[in-house]
Every structure is written in C-alpha cells, then in structure tokens.
Amino acid sequence: MASNNLLDWPEPIVPVQTLSNSGTSSLPQQYIKPPSERPSGVTNDPNLSIPVIDLASFSNTPEHHQEMLKAIASACKNWGFFQLVNHDVDTEAVRRMRSAWREFFDLPMEEKKVHANLPVTYEGYGSRLGVEKGAILDWSDYYFLNLFPSDIRNLDKWPKIPTDLREATEKYACQLISLCQVLLKAMSSSLGLEEDYLHNAFGGSDGISATMRVNYYPRCPQPELTLGLSSHSDPGGITLLLTDDNVEGTQVRKGDAWVTVQPVPGSFLVNVGDQIQILSNGRYRSVEHRALVNSDKERFTIAFFCNPRGDLPVAPASELVGPGSPALYQEPVTFSDYRKYIRTKGPSGKTQVQSISSTMQPGPAA
C-alpha cells in the first residue's frame, strides 16, 4: 500500500552500504527480485552497441551538421540512447565532481544520515525510490538534489563536507545545463521543428528544470538475484549520465535483450525521457534501462536530469500531429504531476507513459 501524503517512508531505511559493509554472504529477502526481473538475457553482440555521437560536428560545416542531426534522429528513434563525445564539458570539472561525491559516500554513516531524505521532495541522502509498503528494493544508495531553476534549490540539503563539494557541484551543473540546451536545439532540428521548440517547451532559459542523482552501488553478495536500479524509463526530458569508467553496469533494453553499455572514456550517456517521447508524438522514444551490481567492485555514477518546468502542460508538438500521425497523447500533463507516479510506485518499466497514450505504443525496437 502506498503512502497517501508522501511525507515519510513506509518502512525504516537501512542504507545499502551498511548491509554491504556488514560482510553478509546472502542477500536480504527484500532485495531479491522475481526471476523474470533478475539480470538475465544479457547480450554483448558487437552488432548491438549504443551509438556514439560527436558533438564537435554540430558547429562544423553544414554537411557535417546535417549528418550529426541524422545520427541524433536515428539514435533517438532506434535506441533512445547515445554516447556523446567532444561535448566541451571541462575534464577538470568532471574530475572534481567525481572526487567530491566519492569522498562524501566514504564519510562515516552517521555523517551521511544527517542528510537523510523524505519522499515529499527526495532531496538528500536516500536508499529507495517509491513508497509502496513491502516493495522489493534496489541495491543502491543515492543523493538527490534540485539544481535549476535556482529558486528551487535548498542549500540546506547540499552537504558542507567535503568542503569543495558545493563549488564542484555548482560548476558541473552550470556546464551540464548549457550542454542540455545545445542538445535540445539539436533534437528540435532533427525532428524538423524550429531550433528553439524544445527549449521553449521546457520553459526557456529561466524555466528549464534540472535535478541530479548521484548513484552509489555497493558490492553485493548475490548480484545475480537483484538489481542496482530496476528497469524503467526516465520520466523527465533528457538524462546525461556520467558513467563509471572502471565498472560496467548500465543496461539498455533492445527488443528482448539487455545490452550492456561499454562506456567511451570522457563521454556522457544520453537518453530520451518520457517528456521528449510525448513532445515528439512518439517519434523519439524513451527506452527501459537498468543498473547491475557485482560482488567484486562498487560502482559510482552521476545522473543529470533536464526536465520541463514543473507547471507547464506538455503535449505533442502540433507540427508533428496530422492526418497520418494522430496525437498519441491527448491530454496535456505537467511534469510535476507526471513524476508523482515514479515517486509513489518506484521504477516500473514504461508503465506510466504507456498508460497516458491514446493508442498502444510499439515495444522496443529489435
């Protein structure tokens, strides 16, 4: 049963890091997934690999520009994911970000628990998503922050230790929101829309929303029985994931298979969220993905979510609706209302975006 007011968690929170550090040799029952949800069906077929897109060509010659837009369109239609290289995010900003947040997760548990979160906003240090009592949990801890617009920030939720964490997070966030604006323009153009269409649909320069989730996946005694993050599509607009260069773990659904992402050094893993699927009238699709854990190594990633402003109604672009392409989503919905589902139910595949469609959506591309 779900909480009615999202004011508190339905059960006491036990950080996964605590369980991992206890030396237990068996997985606690509340983390054991049903057989159908366990990490199986993995493929490393070299013909199935996440597309890589070079952003440097975006400002290059017209011919290269058009080729890049075609590559983005293909990736968003057929995969919902791509790895982005030559993105101009400063390598030192990335290094400082990783270092500061790794240091935070290495702090004594008592210091981290000071920042424990609640489901009403999710801001802070947490270990579960969703408030369904008795739900099967994921093997991960995280830290969630609101970043943009600046008036939604609660600096009381930003850790003061390590001392450079706030500055590192601020500089990193400013560079990533700028990158997201470039990607929104590229996606708009690749859809045949005006370059600023998605940017404006998200709220414009002063309205675009952004949040961040730092993910920590501790070593797991029985990784074959659980997941670090259950299968889901992202509810927001676009996500930029800073992957762990040393430990694989992100998997993307492709047909009936799960493809393990092989991170390209210095890249961001970009994926389409449900809001882009709605705005593009299904031309670009959010795709299920999940995170694995392992028994030998911990894993650390940082997800940056670029979303529409919470109070703006989101609906298919009128230019993408016509006699041969009816609107798949009839009723506009605000992102603030839309994200309540995952905050209540937790990761649930593509259940939510399919539930608001006026017609049956196609499954993941084969």
**Q** Could you report the tightest heavy-atom contact between Pro347 and His232, atom names first, then the distance?
**A**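 Heavy atoms of Pro347 and His232 come nearest at CB-CB, 3.7 Å.
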**Q** For the residue pair Asp244 and Arg102, what are the closest heavy atoms and their distance?
**A**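 Shortest heavy-atom separation between Asp244 and Arg102 comes out as OD2-NH2, 3.2 Å.
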**Q** Is there a salt bridge (Lys or Arg N to Asp or Glu O under 4.0 Å) between Asp106 and Lys112? Walk through the geometry before answering.
**A** CA-CA 9 Å; Asp106 285 341; Lys112 293 195 287 283; over 6 Å; no
**Q** Under a plain distance cut-off of 3.5 Å, with no hydrogens placed, do Lys350 and Ser286 share a side-chain donor-acceptor pair?
**A**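 There is such a pair (donor and acceptor under 3.5 Å, judged by atom type) between the side chains of Ser286 and Lys350.
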**Q** Look at the side chain of Ser336 and the backbone N and O of Gly310, then say whether any donor-acceptor pair between them is shorter than 3.5 Å.
**A**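 Yes; at least one donor-acceptor contact below 3.5 Å.
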**Q** Looking at Lys254 and Asn78, would you say the former's side chain and the latter's main chain have a donor-acceptor pair under 3.5 Å?
**A**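 Confirmed, Lys254 side chain pairs with Asn78 backbone.
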**Q** Of all heavy-atom pairs between Arg219 and Asp296, which one has the smallest distance, and what is that distance?
**A** CD-O, 3.2 Å
**Q** Is there a continuous path of hydrophobic side-chain contacts, each under 4.5 Å between heavy atoms, that joins Phe268 to Phe305?
**A**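 Not linked; separate clusters.
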**Q** Is there a donor-acceptor pair closer than 3.5 Å between any side-chain N or O of Ser99 and the backbone N or O of Arg95?
**A** no
**Q** Verify the neighbour count for atom NZ of Lys297: are there more than 12 heavy atoms of other residues, nucleotides or ligands below 6.0 Å?
**A** no
**Q** Is the closest side-chain heavy-atom distance between Cys220 and Ser295 below 4.5 Å?
**A**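 No - every pair of side-chain heavy atoms lies 4.5 Å or more apart.
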**Q** With distance as the sole criterion, is a donor-acceptor pair present between the side chains of Thr169 and Arg96 under 3.5 Å?
**A**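 Absent: no donor and acceptor within the cut-off.
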**Q** Compare all side-chain heavy atoms of Val287 with those of Val252 and state whether any distance is below 4.5 angstrom.
**A**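 With C-beta onward as the side chain, the pair touches.
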**Q** Tell me whether the centres of the aromatic rings in Tyr142 and Tyr216 are closer together than 6.0 Å.
**A**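 For Tyr142 and Tyr216, the ring centres are not under 6.0 Å apart.
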**Q** Apply salt bridge (charged side-chain N to carboxylate O under 4.0 Å, His left out) to Arg283 and list each qualifying residue two or more places apart in sequence or on a separate chain.
**A** none
**Q** Between Ser348 and Gly346, is there a donor-acceptor pair closer than 3.5 Å when you use the side chain of the first and the backbone of the second?
**A**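 Side chain of Ser348 to backbone of Gly346, a donor-acceptor pair under 3.5 Å: yes, one is there.
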**Q** Side-chain contact, heavy-atom cut-off 4.5 Å: Cys180 with Leu240?
**A**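 Heavy-atom side-chain distance check passes, below 4.5 Å.
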**Q** Using ring pair (Phe, Tyr, Trp, His ring centres under 6.0 Å) as the criterion, list what pairs up with His199, not counting sequence neighbours.
**A**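 Counting only residues at least two positions away or on another chain, His199 forms no ring pair (Phe, Tyr, Trp, His ring centres under 6.0 Å).
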**Q** Looking at Gln175 and Asp90, would you say the former's side chain and the latter's main chain have a donor-acceptor pair under 3.5 Å?
**A** yes
**Q** Looking at Asp337 and Val333, would you say the former's side chain and the latter's main chain have a donor-acceptor pair under 3.5 Å?
**A** no
**Q** Is the closest side-chain heavy-atom distance between Leu279 and Leu198 below 4.5 Å?
**A** yes
**Q** Take Arg343 and Tyr122, measure what side-chain contact (heavy atoms from CB on, under 4.5 Å) needs, and give me the verdict at the end.
**A** CA-CA 8 Å; Arg343 290 188 170 188; Tyr122 273 87; 3.6 Å; yes
**Q** Carefully, step by step, assess Lys160 and Glu111 under the rule salt bridge (Lys or Arg N to Asp or Glu O under 4.0 Å).
**A** CA-CA 11 Å; Lys160 295 180 180 179; Glu111 295 186 41; over 6 Å; no
**Q** Determine, stepwise, if the pair Arg128 / Asp141 fulfils salt bridge (Lys or Arg N to Asp or Glu O under 4.0 Å).
**A** CA-CA 7 Å; Arg128 71 177 291 165; Asp141 298 327; over 6 Å; no
**Q** Any donor-acceptor pair under 3.5 Å linking the side chain of His115 with the backbone of Glu123?
**A** no
**Q** For atom CD of Glu92, is the number of surrounding heavy atoms from other residues, nucleotides or ligands below 6.0 Å larger than 12?
**A** yes
**Q** Report the residues that fulfil side-chain contact (heavy atoms from CB on, under 4.5 Å) with Ala173, sequence neighbours left out, ordered by chain and then residue number.
**A**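 Expected list: Leu147, Phe148, Phe304.
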**Q** Taking the side chain as every heavy atom from C-beta outward, state whether Tyr197 and Phe202 have any atom pair closer than 4.5 Å.
**A**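 No, side chains not in contact.
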**Q** Quick one, Asp138 and Leu129 - any side-chain contact, counting heavy atoms below 4.5 Å?
**A** no
**Q** In terms of ring plane angle, is the pair His289 and Phe81 parallel, tilted or perpendicular, where the classes change at 30° and 60°?
**A** perpendicular
**Q** Does Met68 form a side-chain contact (heavy atoms from CB on, under 4.5 Å) with Asp54? I'd like the steps, not just the answer.
**A** CA-CA 8 Å; Met68 190 212 65; Asp54 185 347; over 6 Å; no
**Q** Are any side-chain N or O atoms of Arg166 and backbone N or O atoms of Trp158, one a donor and one an acceptor, separated by less than 3.5 Å?
**A** yes
**Q** Return the minimal non-hydrogen interatomic distance between His87 and Gly266, and the atom names on each side.
**A** NE2-O, 2.6 Å
**Q** Can you list every pair that meets salt bridge (Lys or Arg N to Asp or Glu O under 4.0 Å) and has a residue in residues 301-324, with sequence neighbours left out?
**A** Arg309-Asp311
**Q** Are Met212 and Ile152 linked, directly or through other ILVMFWY residues, by side chains that come within less than 4.5 angstrom of each other?
**A**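 The answer is no; the residues belong to distinct hydrophobic clusters.
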**Q** Evaluate the criterion side-chain contact (heavy atoms from CB on, under 4.5 Å) for residue pair Lys70 and Ser74; output intermediate values, then yes/no.
**A** CA-CA 6 Å; Lys70 289 179 181 178; Ser74 176; over 6 Å; no
**Q** Determine whether a donor-acceptor pair (N or O, by modelled atom type, separation under 3.5 Å) exists between the side chain of Asn281 and the backbone of Leu320.
**A** yes
**Q** Does a donor on one side chain sit under 3.5 Å from an acceptor on the other, for Ser230 and Lys33?
**A** yes
**Q** So do Asp8 and Val120 actually touch side chain to side chain, heavy atoms under 4.5 Å?
**A**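 No, every pair of side-chain atoms sits at 4.5 Å or beyond.
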**Q** Would Asn271 and Asp234 count as having a side-chain donor-acceptor pair, cut-off 3.5 Å?
**A** yes
**Q** Any side-chain donor paired with an acceptor under 3.5 Å for Ser233 and Asp274?
**A** yes
**Q** Does atom CG of Asp151 have more than 12 heavy-atom neighbours, drawn from other residues, nucleotides or ligands, at distances under 6.0 Å?
**A**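 Atom CG in Asp151 is packed in, count exceeds 12.
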**Q** Looking at Arg98 and Glu103, does any basic side-chain N land under 4.0 Å from a carboxylate oxygen?
**A** no
**Q** Show your reasoning for whether side-chain contact (heavy atoms from CB on, under 4.5 Å) applies to Leu312 and Thr334.
**A** CA-CA 5 Å; Leu312 287 179; Thr334 67; over 6 Å; no
**Q** Assign the ring pair Trp101 / Phe104 to parallel, tilted or perpendicular, where the plane angle (0 to 90°) is split at 30° and 60°.
**A** perpendicular
**Q** Distance only, no hydrogens: is a donor on one side chain within 3.5 Å (strictly under) of an acceptor on the other, for Thr211 and Asn146?
**A**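 Looking only at side-chain atoms, Asn146 and Thr211 do not form any donor-acceptor pair under 3.5 Å.
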**Q** Got more than 12 heavy atoms from elsewhere within 6.0 Å of CD, Glu194?
**A**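 No.
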**Q** If you group Ile, Leu, Val, Met, Phe, Trp and Tyr whenever their side-chain heavy atoms sit less than 4.5 Å apart, what else falls in with Val14?
**A** Val16, Leu19, Leu27, Tyr31, Ile32, Leu137, Trp139, Tyr217, Leu225, Leu229, Val293
**Q** Regarding Gln251 and Arg290, is there a side-chain donor-to-acceptor distance under 3.5 Å anywhere?
**A** yes
**Q** Minimum heavy-atom separation for Pro235 and Phe335, please, with both atom names.
**A** O-CE1, 3.5 Å
**Q** Mind checking side-chain hydrogen bond (donor to acceptor under 3.5 Å, both in side chains) for Glu167 and listing every partner two or more places apart, or none if nothing turns up?
**A**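 Result, side-chain hydrogen bond (donor to acceptor under 3.5 Å, both in side chains) vs Glu167: Lys171.
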**Q** Hey, are Glu132 and Lys345 close enough for a salt bridge, meaning a charged N less than 4.0 Å from a carboxylate O?
**A**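 Counted as a salt bridge, because a side-chain N and a carboxylate O are separated by less than 4.0 Å.
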**Q** When you group the ILVMFWY residues by side-chain heavy-atom contacts below 4.5 Å and let the links chain together, are Val247 and Ile50 in the same group?
**A**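 Hydrophobic grouping puts Ile50 apart from Val247.
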**Q** If you compare all heavy atoms of Tyr329 against all heavy atoms of Pro316, which two are closest, and at what distance to 0.1 Å?
**A** O-CD, 3.4 Å
**Q** Examine distances only and state if a side-chain atom of Gln277 and a backbone atom of Val272 form a donor-acceptor pair shorter than 3.5 Å.
**A** no
**Q** Is the closest side-chain heavy-atom distance between Val52 and Val85 below 4.5 Å?
**A** yes
